[in-house]
Chemist: 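Provided herewith is a single structure, encoded as structure tokens, for subsequent inquiry.
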Amino acid sequence: MASQSDPHGSAFSAAELEFLAEDEMVEIVPNMTMDTLNLICGDFGPFRPQIATQVPLWLAVALKKRGKCTIRPPEWMSVEKLTQVLEAERDSERFFQPLPFHYVEISRLLFDHARDDIPEVYMVRSLIEDIKDVRFHKIGTGLEIISERTHALKLKNLSAMEVNIVRPFVVRALQTFYKLDSPEMIQESDRRANRRPQAPDHGPRRQLRTGR
Amino acid sequence: MDSGSAEGSGFSAMEDYESLIATTDAELLKRSWRNEKAAPEILQFETSLVQRSREQIQLMEETLEEFTRSGIDPLIVSLYQMDVDRTLFLLRSYLRTRLQKIEKHMFHVQKTTELWNRLSRQEQKFAKRSVEDIEQHFEQSVLSKLPDRYKSHLKQSIISEEDDMVPEPPLDTFVICRSKSFLGSFQLDDSGEEKPVDLEADDLYALRYMSIKPLVQSGQIDLV
């Protein structure tokens, strides 16, 4: 299962984001009969042939792998919808189209495990790739607005994966500007500057030299 | 900062109630896990949630054994097993994230009452033993060989006014968060110099952790 992420880098690893995305609901059409599943994460089913039902993505993928269902791709994953989204993304330099928070992970999971259930899968895939690229480019130029006056940043409609990728940069940039701006920082450097000349009195330098 | 939490306090009670009736423990655990992973400092231990999750996992594991004995369809067994595995992963990762934070800032956690009280009893035990071990290790490997005035594991030397060798969590850092409801205009800085920011429902913001800390604690804002 998902591995632990590096505490110093992004808050979440790619595998952990996928784990979260696997809880998103999708519609499946079972081809078998199975009673309701009373799981810790909720009750799902009952499953009857040809009767559509909502389940979390991980459950859908597990059933699909065993050939027990087909997955209905979400509405936003149609060529028509995605073409609209791509156009709108290209038309606006600053605004991002609302897509599911986990659109990257959901589409990847479906491409990996349910290709045959997605109509025009090559087209859908290339549209999502294009949307991803356009959005990333916009995020890149959008982040140039960070300056010493930026104390908050609104990331409207960004997705989980996009947020996770820009997180280290955004956090460090904002933090650096904040520190440079804060009066404590100025005091701090004053205090350090004052303290330094006293240092030889306590002899750390000599210690270091003899140590060598 | 106070104004932020005061404004929202009426909201929070209602929200709590709503989330209590609408949210499963699995959702709550996921939220606590995300918050814990994204917050720079250690958060309040979710005693009853962890207790309930443990019981649910145990119950499911017993059910699973029964299933296997009574020869239920292996497909169904495997689906239940996946569900248990997912919950187990969340719980383990939650506890482990906390232990990593404790290890990283053990001296600070130990001497700060507010933080110390956020730990579970087992975590306090862990922190205490870690502190003892590290103290002993520092003492044996380095400190005992230094001149008297450099012997403290908390201070650079005896003239230090503060415990300047104790790493503290970076509360000044920025976090990415999402508010569950419209929180109105929100004062980011205590200085009053900054323009207030409108926190709208479901939008993502990168904000300074210190300024939204009360909202994270009251559950009005989720870290992402």
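In what follows, every chain begins at residue 1, and chains take the letters A, B, ... in the order their sequences are listed.
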Chemist: Give, for atom CG of L75(B) and atom CZ of R66(A), the distance between the pair rounded to the nearest 0.5 Å.
Modeler: 5.5 Å
Chemist: Do the numbers put R178(B) on top of the ring of F101(A), so that NZ or CZ is under 6.0 Å from the six-membered ring centre and no more than 45° off the axis?
Modeler: yes
Chemist: Would you give the length of the straight line joining atom CE of M82(B) to atom CD of E22(A), rounded to the nearest 0.5 angstrom?
Modeler: 7.0 Å
Chemist: Of all heavy-atom pairs between L79(B) and L63(A), which one has the smallest distance, and what is that distance?
Modeler: CD1-CD2, 3.9 Å
Chemist: Is the count of non-hydrogen atoms from other residues, nucleotides or ligands lying under 6.0 Å from E139(B) atom CD greater than 12?
Modeler: yes
Chemist: Let me know if S53(B) has heavy atoms under 4.5 Å from chain A in its side chain, its backbone, both or neither.
Modeler: neither
Chemist: What I want to find out is whether R86(B) reaches D23(A) closely enough, with some N-O distance under 4.0 Å, to be called a salt bridge.
Modeler: yes
Chemist: Where do A38(B) and A11(A) come nearest, in terms of heavy atoms and distance?
Modeler: CA-CB, 4.4 Å
Chemist: Answer whether the closest heavy-atom distance between the side chains of L20(A) and W33(B) falls below 4.5 Å.
Modeler: yes
Chemist: If you count heavy-atom pairs within less than 4.5 Å of chain A, which of L199(B), L59(B), T87(B) leads?
Modeler: T87(B)
Chemist: Give the minimum heavy-atom separation between F89(B) and E16(A), together with the two atoms involved.
Modeler: CZ-CG, 4.4 Å
Chemist: Return the CE to OH distance between M210(B) and Y178(A), rounded to the nearest 0.5 Å.
Modeler: 8.0 Å
Chemist: Determine the sole option in D198(B), D203(B), D202(B) for which the salt bridge (Lys or Arg N to Asp or Glu O under 4.0 Å) test with K156(A) is passed.
Modeler: D203(B)
Chemist: Pick one of side chain, backbone, both or neither for E200(B), based on which atoms fall under 4.5 Å of a heavy atom in chain A.
Modeler: side chain
Chemist: Counting only heavy atoms not in E93(A), do more than 12 fall under 6.0 Å of its CD?
Modeler: no
Chemist: To check you understand the geometry: which heavy-atom pair defines the closest contact between K37(B) and F12(A), and what is its length?
Modeler: CD-CE2, 3.7 Å
Chemist: Hey, which residues of residues 24-51 of chain A are touching chain B, say heavy atoms under 4.5 Å apart?
Modeler: M34(A), T36(A), L37(A), N38(A), L39(A), I40(A), C41(A)
Chemist: When rounded to the nearest 0.5 angstrom, what distance separates CG in D85(B) from CH2 in W58(A)?
Modeler: 9.5 Å
Chemist: Are side-chain heavy atoms of Y205(B) and L153(A) found at a separation under 4.5 Å?
Modeler: no
Chemist: Which atoms form the tightest heavy-atom contact between V224(B) and R167(A), and what is the distance?
Modeler: O-NH1, 2.7 Å
